[in-house]
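Step one of this worksheet: look at the structure below.
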Amino acid sequence: MDTVRPLAVVTGASSGIGRELARTFAAHGFDLVLCAEDAAVRTVADELRGRGADVTAVRADLATYDGVEQLHAAVLATRRPVAAAALNAGVGTGGAFTDTDLADHARVIDVNISGTVHLAHRLLRAMVDEDEGRLLITSSVVSMAPGPFQSVYSASKSFLQSFAQALREELKDTGVTVTSLMPGATETDFFHRAGMDDTRLGRLRHKDDPARVAQDAFEALMRGRNRVVAGSVKSRVLGAAVKAVPDRLKAAGQRYLSEPPAAAGPGRRRGRRRRRGRRPKAGRRV
Ligand code: NAP
């Protein structure tokens, strides 16, 4: 059946910012292909079908080559051009680099970097052929600073920030735009899943509302903006101010926010064992 409704792809749509992005797209008349790893993505799909959107839910592990191909096959199966895509799925892992498992850091790279690059390549080719499309890549305000005690995660976001800006420049003479979304600390499952509940950042009260972040992101995406520091005024001010701060000071600030209490003192190795025991969704141990 022909349809005039545009189609959007959202990854990481089962919770947090991605779920709010999916809701925002649906509220603006988009049909959707949603992806996450867990069955909760189907619940989000059901909710949005109830609001009139045509929704395909894909359970796929975007840390793997096959998972990204599975999602792409589902997009192709709609036989519709992708008007907008939010490459948003991401994971973190907190803790001292040498005290944490290599497999956890590798998974951060696989989801945040490899999966995003792979999916961007698949979707952008078709968008360029159509000479039309809007691509959103979820980076972070931490992309602008070295991130002690979430070193690989922060570096993965620096990669995505650079990647998004580079693609944007490459595509500037086409009808395709690339926007980087840079949220500040946002109230989602992210910090718990990253094993950062006991850090100052994890315990921070008044984190940003993911619905507000998604709304800001959607508006910036539709306007074809370069980047958006989304969320509260506090996050926007922080995002603007951090540009002027030297890396050494930014690293010290990130350490203050991200260092687990157990890593700071003599109980460090005991703390490491505790943290390992409770990190959700840990990958294989290496
Ligand atoms: P979240 O609630 O934990 O959501 C993460 C989403 O990514 C979930 O839908 C999750 O699906 C999906 N995901 C994770 N691993 C996946 C995999 N291997 N394959 C497919 N999907 C996967 O956290 P969030 O805060 O909304 O995070 C969304 C994005 O915002 C991330 O890229 C994060 O880095 C970024 N960000 C967050 C903050 C913050 O303060 N929260 C700040 C800046 C940037 P499953 O549950 O099914 O695994």
Side-chain angles (χ1 to χ4, degrees), residues 3-63 67-68 70-78 80-91 111-112 115-116 119-120 122-124 126-127 133-140 160 164 177-183 186-190 193 207-225 228 230-231:
T3 176
V4 291
R5 289 171 67 94
L7 180 69
V9 176
V10 180
T11 70
S14 61
S15 66
I17 296 168
R19 180 170 56 197
E20 296 300 335
L21 281 168
R23 286 173 172 158
T24 307
F25 276 112
H28 286 84
F30 281 74
D31 290 335
L32 288 151
V33 177
L34 305 180
C35 177
E37 207 184 350
D38 289 345
V41 70
R42 294 191 183 132
T43 310
V44 178
D46 286 344
E47 174 195 319
L48 300 183
R49 283 184 198 112
R51 298 186 196 178
D54 181 19
V55 187
T56 304
V58 181
R59 279 187 72 184
D61 181 359
L62 297 178
V68 178
Q70 184 192 336
L71 171 57
H72 186 232
V75 172
L76 293 179
T78 66
R80 293 167 62 180
V82 174
L87 310 192
N88 166 80
V91 290
V111 179
N112 298 7
T116 304
L119 187 58
R122 291 287 184 256
L123 296 180
L124 276 176
M127 285 182 176
R134 299 262 182 269
L135 187 76
L136 184 79
I137 294 180
T138 303
S139 160
S140 170
L160 290 179
T177 60
V178 181
T179 302
S180 66
L181 166 60
M182 303 167 74
T186 306
E187 194 61 61
T188 70
D189 291 343
F190 175 84
R193 291 179 62 162
K207 295 191 183 81
D208 287 350
D209 175 359
R212 167 83 187 272
V213 171
Q215 187 58 41
D216 290 349
F218 181 83
E219 284 168 15
L221 181 69
M222 290 302 123
R223 286 184 186 151
R225 288 260 169 87
V228 55

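Counting begins at 1 with the first residue of the sequence. Everything quoted here is computed from the prediction, not taken from an experiment.
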Next item on the list: Identify the residue among V10, T11, L221, L32 that makes a side chain to side chain contact (heavy atoms under 4.5 Å, CB included) with L21.
Entry: V10
Notebook entry, point to check: Heavy-atom distance under 4.5 Å between the side chains of T24 and H28, does that happen here?
Noted result: yes
Margin query: Within this structure, what is the OG1-CE distance for the pair T179 and M222, rounded to the nearest 0.5 Å?
Written below: 8.5 Å
Check: Do V33 and L7 come within less than 4.5 Å of each other through their side chains, counting heavy atoms only?
Finding: yes
Item checked: Validation row: R122, V75 side chains within 4.5 angstrom (heavy atoms) -> no
Margin query: Tell me the closest heavy-atom pair linking P6 and G29, and the distance in Å.
Written below: CD-O, 3.5 Å
Next item on the list: To the nearest 0.5 angstrom, please state how far the CG atom of D61 sits from the CG atom of L71.
Entry: 11.5 Å
Next item on the list: To the nearest 0.5 angstrom, please state how far the OG atom of S139 sits from the CG atom of N88.
Entry: 11.5 Å
Item checked: Point-to-point distance, once rounded to the nearest 0.5 Å, from CZ of R80 to OG1 of T56 -> 8.5 Å
Check: So, does D209 use its side chain to make a donor-acceptor pair with the main chain of A211 at under 3.5 Å?
Finding: yes
Margin query: Within the structure provided, determine whether T138 and L160 are in side-chain contact (heavy-atom separation under 4.5 Å).
Written below: no
Next item on the list: Please tell me if the side chains of E20 and V213 come closer than 4.5 Å, counting only heavy atoms from C-beta onward.
Entry: no
Check: Which atom names give the shortest non-hydrogen contact between A36 and A13, and what distance separates them?
Finding: CB-N, 4.3 Å
Margin query: Donor-acceptor pair, distance only, cut-off 3.5 Å: does the side chain of N112 make one with the backbone of V91?
Written below: yes
Note to self: Quick one, L87 with L123, criterion side chain to side chain contact (heavy atoms under 4.5 Å, CB included). Give me CA distance, side-chain angles, the key distance, then yes/no.
What the structure shows: CA-CA 10 Å; L87 310 192; L123 296 180; 4.1 Å; yes
Next item on the list: Report the residues that fulfil salt bridge (Lys or Arg N to Asp or Glu O under 4.0 Å) with R49, sequence neighbours left out, ordered by chain and then residue number.
Entry: D46
Notebook entry, point to check: Between A217 and L136, which heavy-atom pair has the shortest distance, and what is it?
Noted result: CB-CD2, 4.1 Å
Check: If you look at every heavy atom in Q70 and V58, which pair is closest and at what distance?
Finding: NE2-CG1, 4.0 Å
Notebook entry, point to check: Just by distance, do the side chain of Q215 and the backbone of A230 share a donor-acceptor pair under 3.5 Å?
Noted result: no
Next item on the list: Give the minimum heavy-atom separation between V178 and A164, together with the two atoms involved.
Entry: CG1-O, 3.5 Å
Next item on the list: Measure the spacing between OG1 of T177 and CE of M127 and express it to the nearest 0.5 Å.
Entry: 8.5 Å
Check: Of all heavy-atom pairs between V111 and G90, which one has the smallest distance, and what is that distance?
Finding: CG1-CA, 4.0 Å
Check: Hey, does I17 have a side-chain heavy atom less than 4.5 Å from the side chain of L181?
Finding: yes
Next item on the list: Go through the structure and list residues passing ring pair (Phe, Tyr, Trp, His ring centres under 6.0 Å) with F25, not counting sequence neighbours.
Entry: F30, F218
Note to self: Please check this pair: side chain of T188 against backbone of F190, looking for a donor-acceptor N/O pair closer than 3.5 Å.
What the structure shows: yes
Item checked: Flag side-chain contact, heavy atom, 4.5 Å: R23 against L48 -> yes
